[in-house]
Amino acid sequence: MSAERKILIIYTGGTIGSVHDPMNGSLVPIDFSQITRHVPELNRAGINMDAVSFSPPIDSSNVNPSHWMNIADVVYKHHDKYDGFVVLHGTDTIAYTASALSFMLEGLRKPVILTGSQLPIGMPRTDGRENLLSAVMLAAHPNPKNPDSDRVEWGESTIQEVAVYFGNQLFRGNRTHKESAESLHAIVSPNYPSLVTAGVEFNVRKHNLYRAPEGALIRHNQFESKVAWLPLFPGMSLELLERVLCWDELRGVVLGTFGSGNAPDNNKFKSLLKHAQSRGVTIVNITQCGHGGVKQEMYATSLMLADCGVISGGDMTTEAALIKLMMLLGETEDNEAIKKGILKDLRGERTV
Ligand code: ASP
């Protein structure tokens, strides 16, 4: 090999780097140096690694937009210096952070691979070791420029997007969802196929990979937090809906609908939506189903949502829709531009 690949690991916390607190038995995050002690193979991978760490490392339930900005800043500043980035993150909100990073880093040409684990890295049956090792190796995965040559010349990175590695699969980050609190295959990508399956070899599905349009790396940093996620349920009080929709600072809502995007079509519900929309609240329709997406033209109970100004979220996950809405609202007050942005596929997050 003519050159070593250089990877930067960004350790934020989560179960992967936790130990049991002897005082009360709960899991608390430890230092990055203690993590590598458990994975000596990292030193034999032939990859040059540096690491930066959140201080202190955190459980991902505590993650908020300021943490997304910290991670995006590190990637942005070091984009040209490293071949790839690995973000060690708690699994609870990994899908939100992956979505946020994908939207924040427009024009990304390097892999940013998030991973974590269900069992701490020091435990005998941990999934953390394999997840960490494979994430690092995928972040370093190159396309050899000339595979026939003895002297390997690295081409561009195979992965050039924000992705999540978990349970032998690499998924597009803004398509992921945490499905299980127990399984070692806890992260799923309900509406987009896996990018890579890790078996004896990495099976890279080239046609599934994202490539950014030509252009420089641009960082987006503004998020609007005056948004709500409103999953509907039969028997739901319209008063609750009214109170949320009438919040005078509210700017956006992800409506969690039934099936292919359906909702009750009674007049009170419709007038609440219309009123919110007319005062500038952006409302996005996302199904509560685990797979598939919204087809607002399919039933009368969804077609009426379009009449109320509700925008179809297509097959986006709730996580991606919320973060995309927060970012678009943070960047502009132009409702038409926000609507266009929601309907557009910005980073491979929705099928158009
Ligand atoms: N509570 C942990 C976290 O999200 C769970 C995990 O890492 O799997 O930080």
Side-chain angles (χ1 to χ4, degrees), residues 9-39 42 51-72 74 85-102 112-136 138-139 162-171 173-190 194 198 223 229 290 317-320 322-323 326:
I9 297 179
I10 305 167
Y11 170 52
T12 70
T15 297
I16 191 163
S18 293
V19 289
H20 286 284
D21 182 338
M23 300 294 282
N24 58 16
S26 69
L27 285 169
V28 284
I30 50 168
D31 281 358
F32 183 70
S33 56
Q34 297 188 53
I35 299 181
T36 43
R37 219 166 32 90
H38 292 290
V39 197
L42 274 175
V52 290
S53 183
F54 272 20
S55 175
I58 56 172
D59 185 291
S60 76
S61 309
N62 288 317
V63 165
N64 62 48
S66 74
H67 300 104
W68 303 335
M69 287 175 209
N70 285 348
I71 303 170
V74 173
F85 302 84
V86 171
V87 182
L88 298 183
H89 195 287
T91 60
D92 289 349
T93 64
I94 200 168
Y96 292 90
T97 300
S99 294
L101 292 175
S102 78
V112 175
I113 300 183
L114 290 89
T115 194
S117 67
Q118 292 280 63
L119 289 166
I121 204 141
M123 284 179 67
R125 287 186 54 247
T126 185
D127 49 333
R129 286 161 50 82
E130 200 284 316
N131 285 349
L132 172 56
L133 274 165
S134 290
V136 167
L138 282 166
V162 177
V164 175
Y165 182 83
F166 214 86
N168 300 108
Q169 301 289 343
L170 185 76
F171 298 118
N174 54 33
R175 293 288 194 152
T176 58
H177 168 71
K178 180 170 179 178
E179 185 189 56
S180 169
E182 245 186 63
S183 165
L184 300 186
H185 298 265
I187 307 296
V188 292
S189 172
S194 126
F223 290 96
W229 173 21
T317 59
T318 301
E319 292 90 334
L322 269 168
I323 308 289
M326 287 168 79

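Throughout, residue positions are numbered sequentially from 1 according to the sequence presented. Atoms within each ligand, like the ligands themselves, are counted from 1 in listed order. Owing to the predicted nature of the structure, the values given are computational and were not obtained by experimental measurement.
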Point to revise | Interfacing atoms of ligand 1 (cut-off 4.0 Å, heavy-atom, T15) | key: 2 (C), 5 (C), 6 (C), 7 (O), 8 (O)
Exercise for review: For residues S117 and T126, report the shortest heavy-atom separation together with the two atoms involved.
Suggested key: OG-OG1, 4.5 Å
Study note, to complete from the structure: Distance col, row R175:CZ vs S102:OG, nearest 0.5 angstrom, shows 10.5 Å
Study note, to complete from the structure: side chain to side chain contact (heavy atoms under 4.5 Å, CB included) test vs L114 passes for just one of I71, I187, V164, namely V164
Practice item. Hey, could you give me the OG1/CG distance between T93 and D59, rounded to the nearest 0.5 Å? Key: 8.0 Å
Practice item. Just jot down the ligand 1 atoms closer than 4.0 angstrom to any heavy atom of G14, in number order. Key: 7 (O), 9 (O)
Point to revise | Distance-only side-chain donor-acceptor flag, T97 / H89, under 3.5 Å | key: yes
Review point. Which residue holds the protein heavy atom closest to atom 8 (O) of ligand 1, what is that atom called, and what is the gap in Å?
Key: T91 OG1, 2.4 Å
**Study point:** Nitrogen or oxygen atoms of T93 and ligand 1 under 3.5 Å apart
**Key:** no
**Study point:** N/O separation below 3.5 Å, D92 to ligand 1
**Key:** yes
Revision key, fill the gap. re atom 4 (O) of ligand 1, the protein heavy-atom contact at minimum distance is S60 OG, 2.5 Å
Point to revise | Non-hydrogen atom of S117 closer than 4.0 Å to ligand 1 | key: yes
**Study point:** From T12, I94, L132, residue fulfilling side chain to side chain contact (heavy atoms under 4.5 Å, CB included) relative to L88
**Key:** L132
